[in-house]
Amino acid sequence: MTATDAEARTDAGAQADTARRGHPTHEVFNQPPPRTDVNEYTSNAALGEAVQRYGGGWATQHLTEVGALVGGAQFQSDAELVHRFTPELRTHDRYGNRVDEVDFHPSYHRIMGAAIAHGAHTSAWAEPGPGANVARAGVFMQFSQVEPGHACPVSMTHAAVPSLRFSPDLADFWVPRAFSREYDPRLTLDKPGAIFGMAMTEKQGGSDVRANTTRAEELADGAWALTGHKWFCSAPQSDAFLVLAQANAGLTCFLVPRVLPDGTRNVFRIQRLKDKMGNKSNASSEIELDGTVGWLVGEVGRGVRTIIEMVGRTRLDCVYGSAAGMRQAVAEAAWHVRHRSAFGRTLIDQPAMTSVLADLHLEAEAATWTAMRLAAAYDDETGEQGPLRRLATAVSKYWVCKRGPHHAYEALECLGGNGFIENFPLARRYREQPVMAVWEGSGNVIVLDVLRAMAREPETVEAFDAEVALAAGSSPAFDAHLATMRRMIAATAADPASAESRARRLVESMALAFQASLLVREAPAAVADGFVAARLGGDGGFEYGTLPDGVDAVAIAARA
């Protein structure tokens, strides 16, 4: 070996050693650490306070356990994987037999199993009592915060229970299975649990379900044969579905199982899985029914009445899901700006960023208190709060779900380029939030439902006004908004013919009054005063971060 060869080998060894140690330009600094192993319950002040306020304090230990689970690295990894490896439709087995099954990544089943085991689906029904819906909402919101797609079948299973009870014989078989905390994805009757879906909309009608053309013919044994096409059937892998079809006396509700009592597969042809903008981990589909066997739920010709409670409960879960998404968005933004520096200062210490984060948190906290107040109304065993929840659920569904997408965008922007990258959760959240506004009635459907409730059930208006007025006298800005809301309600009653044209303004006014009243009564002064000033006072701007002077942005941001 020559001296030159020895020098070359020495240089190569030095270069290899440098490579092993890492090149100086690849040093990572000024990047936030992973936001893992953060308890999503104990770190969420608004949720914890609302649970205590509305009677769910007995579930604190359970909610804390859920918070640790969903905040852990494994659950977050699963949440990422189910959006990277999305559901796949398998129409036939290798021998050519029609199977109509959906294959999921194992992470999906781990998430579903955890949500079911912790009662995110039907705990409020299975274990009724004071605060049961509040506690269930706290569990559901935490799971939805980190992985929202699986919440669809979880929500539908919860919402199916009151509809099933219209037919006691069906309820005796299916409700205990819905209550089970054992998750088994196999399509078989030989298991303790069951997951429910629903199939109402068709391509020619959408939310106008009375335009449905699916036909139902009664069979000799008391079952029915259903034939038609459903444009949106979410979670087609579920064990059973509530389906609307036209019977001889009009639109009727039926229970359609995937597996028949004799163990054979029902005719349930999954035509395709929808290629959606977001909600990727959840399988949504088009299905064909061709002599598919179903059983009557409720009365013939009363399908809407039978399924309306299910619709109401899933709308409520849309509020929960949107509020949970806002919490994820603001929590991720807060984590980033507390660990990232620019121009010589940590981002959170820069007033422009503090104002943005505080404004985002105001929205998230208002949504959280709204969700939990609604949950408490559903815990009412006397029925006195029925009128309030009838109107407040629809008003809140419209507003909270509509606020979600822009909120997600602004939170994403707090992360800069990282927010736009799929490895970070806010890109998924940005695509996810719009589905909550579309699900179970898009904006105009909801505001028309509000008008319908106000016209047909005037007691709902009285109950809503009484709830909001509990904060009367708290501030001139709130009182002025309350007076404006009342004038708009009176104008709607006086001139119903033109009500539709101003319906969105009316519902927006009602939603803001509801949220402001809740925060004034329940939230810390900085949050309540900030919300009233920013949303009702007229001095704030249109974008997040344009808070009026005098708002304590530092105190508000601290709660994020």
Side-chain angles (χ1 to χ4, degrees), residues 45-46 49-50 322-323 326-327 329-331 333-334 336-338 343 345-370 373 395-396 398-400 402-414 468-488 504-560:
E49 291 167 9
S322 291
M326 290 183 189
R327 171 58 190 170
V330 75
H336 180 86
V337 301
R338 293 185 189 283
F343 310 110
R345 288 183 295 170
T346 305
L347 290 177
I348 188 58
D349 296 324
Q350 302 185 31
M353 182 59 78
T354 307
S355 184
V356 170
L357 189 65
D359 213 351
L360 288 170
H361 180 75
L362 285 178
E363 199 72 46
E365 181 146 352
T368 298
W369 281 101
T370 299
R373 177 63 185 93
V395 167
S396 301
Y398 171 83
W399 181 247
V400 173
K402 277 226 175 287
R403 299 291 285 177
H406 187 62
H407 184 275
Y409 156 69
E410 193 67 54
L412 178 157
E413 189 178 289
C414 290
V468 170
L470 292 173
S474 59
S475 73
F478 179 83
D479 289 348
H481 184 87
L482 178 60
T484 298
M485 183 198 80
R486 286 170 167 170
R487 285 195 297 271
M488 295 176 72
R504 286 191 172 215
R505 288 169 48 215
L506 169 64
V507 176
E508 178 178 317
S509 176
M510 294 171 71
L512 285 170
F514 187 51
Q515 290 190 322
S517 177
L518 287 171
L519 293 179
V520 165
R521 289 179 280 141
E522 310 295 356
V527 173
D529 294 345
F531 187 89
V532 170
R535 303 295 189 266
L536 308 185
D539 295 328
F542 292 103
E543 291 288 347
Y544 286 107
T546 55
L547 294 172
D549 293 341
V551 171
D552 191 348
V554 173
I556 297 169
R559 286 174 66 82

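Any value given below was found using the heavy atoms of this structure, including those in side chains, with hydrogens, waters and symmetry copies removed.
- Using a 4.5 Å heavy-atom cutoff, the side chains of E363 and M326 are in contact.
- At distances below 3.5 Å, not a single donor-acceptor pair connects side-chain atoms of S509 with backbone N or O atoms of R505.
- Judged purely by distance below 3.5 Å, without hydrogens or angles, the side chains of R373 and T370 never pair a donor atom with an acceptor atom.
- Between Y544 and H406, the two ring planes are parallel [angle under 30°; tilted spans 30° to 60°].
- In this structure, R338 does not pair ionically with D349, as no charged nitrogen and carboxylate oxygen lie closer than 4.0 Å.
- Judged by distance alone, with hydrogens and angles left aside, the side-chain atoms of D479 form a donor-acceptor pair with the main-chain N or O of G473 at under 3.5 Å.
- Counting heavy atoms from C-beta outward, D359 and R535 have side chains that approach closer than 4.5 Å.
- Rounding to the nearest 0.5 angstrom, the gap separating the CE atom in M485 from the CG atom in L512 is 11.0 Å.
- With hydrogens and angles disregarded, no donor-acceptor distance shorter than 3.5 Å links the side chain of S517 to the backbone of F514.
- Distance check: T354 OG1 to I556 CD1 gives 11.0 Å after rounding to the nearest 0.5 Å.
- Looking at D539 and D549, their side chains never come closer than 4.5 Å, going by heavy atoms from C-beta outward.
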Worksheet item: Please walk me through it: do V468 and F478 pass side chain to side chain contact (heavy atoms under 4.5 Å, CB included)?
Response: CA-CA 10 Å; V468 170; F478 179 83; 3.9 Å; yes
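- Between T546 and S355 the shortest side-chain heavy-atom distance does not fall below 4.5 Å.
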Discussion item. Assess the residue pair F531 and Q515 against the criterion (side chain to side chain contact (heavy atoms under 4.5 Å, CB included)); give the C-alpha distance rounded to whole Å, side-chain angles, the decisive distance to 0.1 Å, and a yes or no.
Written reply: CA-CA 9 Å; F531 187 89; Q515 290 190 322; 3.5 Å; yes
Practice prompt. Test D552 against D529 for side chain to side chain contact (heavy atoms under 4.5 Å, CB included), laying out the working first.
Written response: CA-CA 9 Å; D552 191 348; D529 294 345; over 6 Å; no
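- One N or O on the side chain of S474 and one on the backbone of A471 form a donor-acceptor pair closer than 3.5 Å.
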Worksheet item: Does the side chain to side chain contact (heavy atoms under 4.5 Å, CB included) test come out yes or no for V337 and T346, once each step is laid out?
Response: CA-CA 7 Å; V337 301; T346 305; over 6 Å; no
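- With a 4.5 Å cut-off on side-chain heavy atoms, M353 and C414 count as touching.
- Distance OH/Y409 to CD/E543: 7.0 Å, rounded to 0.5 Å.
- Classification of R559 and E49 as a salt-bridged pair holds, one side-chain N sitting under 4.0 Å from a carboxylate O.
- Between the E522 side chain and the A50 main chain, no donor and acceptor come within less than 3.5 Å of each other.
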